[in-house]
Amino acid sequence: MAKEAATAIEPTREENYPEWYQEVIKASDMAENSPVRGCMVIKPWGYALWENISRVLDDMFKQTGVKNAYFPLFIPLSFLEKEAAHVEGFAKECAVVTHHRLEKGGNGGLVPAGPLTEPLIVRPTSETIIGDAFSKWITSYRDLPVLINQWANVVRWEMRTRLFLRTSEFLWQEGHTAHATAAEAIERTRMMLEVYRKVSEDYLAIPVITGEKSASEKFPGAETTTCIEAMMQDRKALQAGTSHFLGQNFAHASQIKYQSEKEIEEYAWTTSWGVSTRLIGALIMTHSDDNGVILPPRVASAHVVLMPIIRKEQNRDAIMDYTQGIADRLRKLAYYGRNIQVEIDSRDIGGARNWEWIKKGIPLRVEIGPKDMASDSVFVGRRDKDPRDKAAFRKDAFVDGVKDLLDEIQNNLYQKALDFKNTHTRPMDEKTDFDAFFTPKNTERPEIHGGFALSHWCGNAGCEKNIKDRLNVTIRCIPFGGGNEAGRCIECNGPSAKRVVFAKAY
RNA sequence: CGGGGCGUGGCGCAGUCUGGCAGCGCGCCUGCUUUGGGAGCAGGAAGCCGCAGGUUCAAAUCCUGCCGCCCCGACCA
């Protein structure tokens, strides 16, 4: 027997969180770096997650009247220039296409030829190109609202990239809507944020805080940006989704106008909202442990792995039949929008097989050997429990109860994440406490520290900046609900009407 | 773009200081024995030592330039 590591993943979260994150992804076989700088290859086990998340979102979008469409990957440079704040926000991270042909170069290579008269940028987001379409589609108040979503890839040339969390190219959906009134657009902004909250909490089992961004953190060109913020296991905040009220900024830029009932020319009010493959990063960092990924059942790449244990060759057919019979029954069961997905892994590689599936985070591992078959049973391990904590089930009881079992795991994951978030979220009124909260004890090798501080803020951008410069802590959002409560700004002691969420962020 | 680290079979690394046969562990393939907590033995395949120049009888090793990756920061979903 080979040596056993204390944990399947090294280093552990405690030892080196960023490296742990990378190792977890590698061990789960979800994605890998590609030859293209900053771009990832999403492998089947990771892509299945995205498919499942997409399906849930897509259904919910459609239930609110949104329809899917598709717009070009390339955006004329002049389009991006139309909205001043938007240009400022995205100019630094645009990939630009300047040529349309390759020719043989001097030493056998290829060189770009045929310069474009107007460079094209690869979309970092599609407000401008979709705004242009909307300007043609909308002429009357009768055309409104227009409710469009597209599933697409976008490119943002980031300095530093990390699998799923920040890659040069990523997959996302971007919703774009146009409305006759500000009130209706604001309502839509909140409605879609609510969809994100629901998917995040009910499917990904990631508890979030919903709220509004401060002026410095909002989307370039937006009037207001609302967001869902989640806490990762290193207690840093991750912005998991945003929904923007764009006012009439993009309507002016793209000339989205309509004639009202009163025969007056009006500009439309628009929104945009998106979530991306970053959600997968959020999911990994919320649930995974030192043995690898833990997938919430409702979006898991697969639900159950069946592992036949064939001790004697003459048992093979009987055990495989028994296993196949269980798989057939499980696959007929519907669970949250799809049938139970079953993997059968009959590889003869000893205990390594079990550990591979632990690292991949599959919710249920089922061992099926001669003893189980003899007693009409199965031996089940749950990913939300210790790897050695396994229990025998009667076969029928397991099959009939598998959906309850999956829901139990789903709820456990959510509850655990919620407890973690609550434990590390605290009101903070004294500047010294605030600074201590966000300062690691060991400056050489900072330990996991901090969390969400609920503190008062006077609304002044200067105070926000001071805090960022001093502690690298930002306002993640001004949370909805919770009520107003007068207090004193954590930075300047000025009057404040409400607490906001401060945290270090990804 | 600033600071730090690193590029050697698929993965992780040693070898570089002091130039002289391309190595180790894991993984992979074959066979036998095993199997309910990460199997054992035997055999085997797999390398442009990041790239390009230079020095040398000889370069993974020395020199010059470039490229890429990772971590921290700035930027960001």
Side-chain angles (χ1 to χ4, degrees), chain A residues 1-8 10 16-19 21-23 26-27 32-38 88-94 107 124-125 154-174 196 213 216-217 219-220 225 227-230 237-244 272-282 291 307-313 315 319 347-359 365-373 377-381 386-390 392 443-446 468-469 472 474 504-506:
Chain A
M1 197 157 294
K3 66 182 156 52
E4 274 181 48
T7 58
E10 294 196 43
N16 186 339
Y17 194 85
E19 203 176 324
Y21 176 74
Q22 296 196 118
E23 290 299 321
K26 193 186 289 180
E32 62 192 21
N33 280 309
S34 76
V36 186
R37 177 194 189 123
E88 177 128 4
F90 284 106
K92 282 174 288 185
E93 52 190 62
C94 281
N107 42 12
T125 179
V154 288
V155 167
R156 296 181 188 178
W157 213 259
E158 304 289 354
M159 287 302 171
R160 221 182 94 214
T161 59
R162 302 180 72 183
L163 288 175
F164 290 119
L165 294 179
R166 188 185 303 104
T167 46
S168 299
E169 179 193 21
F170 56 92
L171 304 182
W172 77 343
Q173 58 70 217
E174 48 178 324
Y196 293 157
K213 288 290 185 189
S216 72
E217 295 271 337
F219 177 77
T225 288
C227 61
I228 53 173
E229 292 282 331
L238 183 74
Q239 179 175 304
T242 48
S243 182
H244 315 289
S272 70
W273 26 278
V275 293
S276 71
T277 38
R278 170 179 268 197
L279 283 176
I280 297 173
N291 288 322
M307 296 182 282
I309 296 165
I310 299 157
R311 299 186 62 173
K312 297 196 175 76
E313 205 46 37
N315 287 339
I319 292 179
R347 288 176 301 165
D348 180 17
I349 56 171
R353 176 174 64 171
N354 194 41
W355 282 100
E356 267 189 33
W357 289 103
I358 291 171
K359 287 184 276 192
R365 306 184 308 280
V366 181
E367 296 174 15
I368 303 170
K371 285 184 232 165
D372 305 296
M373 191 170 66
S377 303
V378 292
F379 205 52
V380 180
D386 190 277
R388 91 199 79 184
D389 184 358
K390 292 185 267 195
T443 44
E444 294 296 308
R445 284 179 46 84
K468 184 174 183 183
D469 291 346
N472 195 28
T474 51
K504 293 188 180 178
Y506 273 94

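The chains referred to below are lettered A, B, ... by the order of the sequence lines, with proteins before strands, and numbering in each begins at 1.
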- Please check the phosphate of B/rC69 (OP1 and OP2 only) for any side-chain N or O of A/Gln22 closer than 4.0 Å.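 For B/rC69, neither OP1 nor OP2 has a side-chain N or O of A/Gln22 closer than 4.0 Å.
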
- Message: I'd like to know if A/Lys213 and A/Glu229 make a salt bridge, using a cut-off of under 4.0 Å between side-chain N and carboxylate O.
- Response: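 Result for this pair is yes, salt bridge flagged.
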
- salt_bridge(A/Lys26, A/Glu32) N-O dist < 4.0 Å: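 Salt bridge flag = no for A/Glu32 with A/Lys26.
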
Whole angstroms only, please: what is the [atom1]-[atom2] distance between [X] and [N]?
X	N	atom1	atom2	result
A/Arg353	B/rG27	CZ	C1'	18 Å
A/Tyr17	B/rC72	OH	P	12 Å
A/Trp157	B/rC1	CH2	P	13 Å
A/Asp348	B/rG38	CG	P	13 Å
A/Tyr21	B/rC70	OH	C1'	15 Å
A/Ile319	B/rU35	CD1	C1'	11 Å
A/Asn33	B/rC67	CG	P	19 Å
A/Phe379	B/rU35	CZ	C1'	15 Å

Considering every strand and a 4.0 Å limit on heavy-atom distances, what is the contact class for [X]: base, sugar-phosphate, or nothing?
X	value
A/Lys390	nothing
A/Ile310	base
A/Thr167	base

- Message: Let's see if you can work this out: which of B/rC71, B/rG38, B/rC11 has an atom nearest to the side-chain heavy atoms of A/Pro18?
- Response: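 Shortest atom-to-atom distance from the side chain points to B/rC71.
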
- Message: What's the closest nucleotide to the side chain of A/Lys359 if the choices are B/rG38, B/rC71, B/rU35?
- Response: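 That would be B/rG38.
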
How far, in whole Å, is [M] from [N] if one measures between their [atom1] atoms?
N	M	atom1	answer
B/rC11	B/rG47	C1'	14 Å
B/rA60	B/rG4	C1'	24 Å
B/rG9	B/rU55	C1'	29 Å
B/rC57	B/rC62	C1'	16 Å
B/rC32	B/rA14	C1'	33 Å
B/rG3	B/rA46	C1'	39 Å
B/rG53	B/rC48	C1'	16 Å
B/rG5	B/rA22	P	30 Å

- Query: Ring centres of A/Phe164 and A/Tyr21 under 6.0 Å apart?
  - Reply: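 No, they do not, as the ring centres are separated by 6.0 Å or more.
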
- If each of A/Gly369 and A/Ala240 is mapped to the nucleotide of RNA chain B with the nearest heavy atom, which maps nearer the 5' terminus, i.e. the 5' end?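 Nearest nucleotide further toward 5': that of A/Gly369.
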
- Query: Considering heavy-atom distances to RNA chain B, does A/Asn16 or A/His244 have its closest nucleotide positioned more toward the 5' end?
  - Reply: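 Per heavy-atom nearest nucleotide, the more 5' residue is A/Asn16.
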
- Cationic tip of A/Arg156 above A/Trp172 ring, under 6.0 Å, 45° of axis: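 That pair qualifies as a cation-pi contact.
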
Less than 4.5 Å apart, side chain to side chain, heavy atoms only: is that true for [X] and [Y]?
X	Y	result
A/Asn315	A/Pro370	yes
A/Thr125	A/Glu174	yes
A/Val275	A/Gln173	yes

- Note on the structure: Annotated structure of RNA chain B as dot-bracket, pair cut-off 3.5 Å, Watson-Crick or G-U only, | for inter-strand, is ((((((((.[[[[.)....(..]]]].((((((.....)))))).....[[[[[..)....]]]]])))))))....

- Item | Derivation of the side-chain contact (heavy atoms from CB on, under 4.5 Å) call for A/Val366 and A/Ile368 | CA-CA 6 Å; A/Val366 181; A/Ile368 303 170; 3.9 Å; yes

- CD of A/Glu88: more than 12 outside heavy atoms within 6.0 angstrom?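 No, because the 6.0 Å sphere around CD of A/Glu88 holds 12 heavy atoms or fewer from other groups.
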
Expected rows: protein N/O vs nucleotides 73-76 of chain B N/O, under 3.5 Å:
unit_1	atom_1	unit_2	atom_2	d
B/rA74	OP1	A/Asn472	OD1	3.0
B/rC75	OP2	A/Lys468	NZ	3.0
B/rC75	O2	A/Glu158	OE1	3.4
B/rC76	O2'	A/Glu158	OE2	2.9
B/rC76	O2	A/Arg166	NE	2.4
B/rC76	N3	A/Arg166	NE	3.2
B/rC76	N3	A/Arg166	NH2	2.7
B/rC76	N4	A/Tyr506	O	3.3

- What's the spacing between A/Thr7 OG1 and A/Glu23 CD if we round to 0.5 Å?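 Here the rounded value is 10.5 Å.
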
- Do the side-chain N and O atoms of A/His244 and A/Thr225 include a donor-acceptor pair separated by under 3.5 angstrom?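 There is such a pair (donor and acceptor under 3.5 Å, judged by atom type) between the side chains of A/His244 and A/Thr225.
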
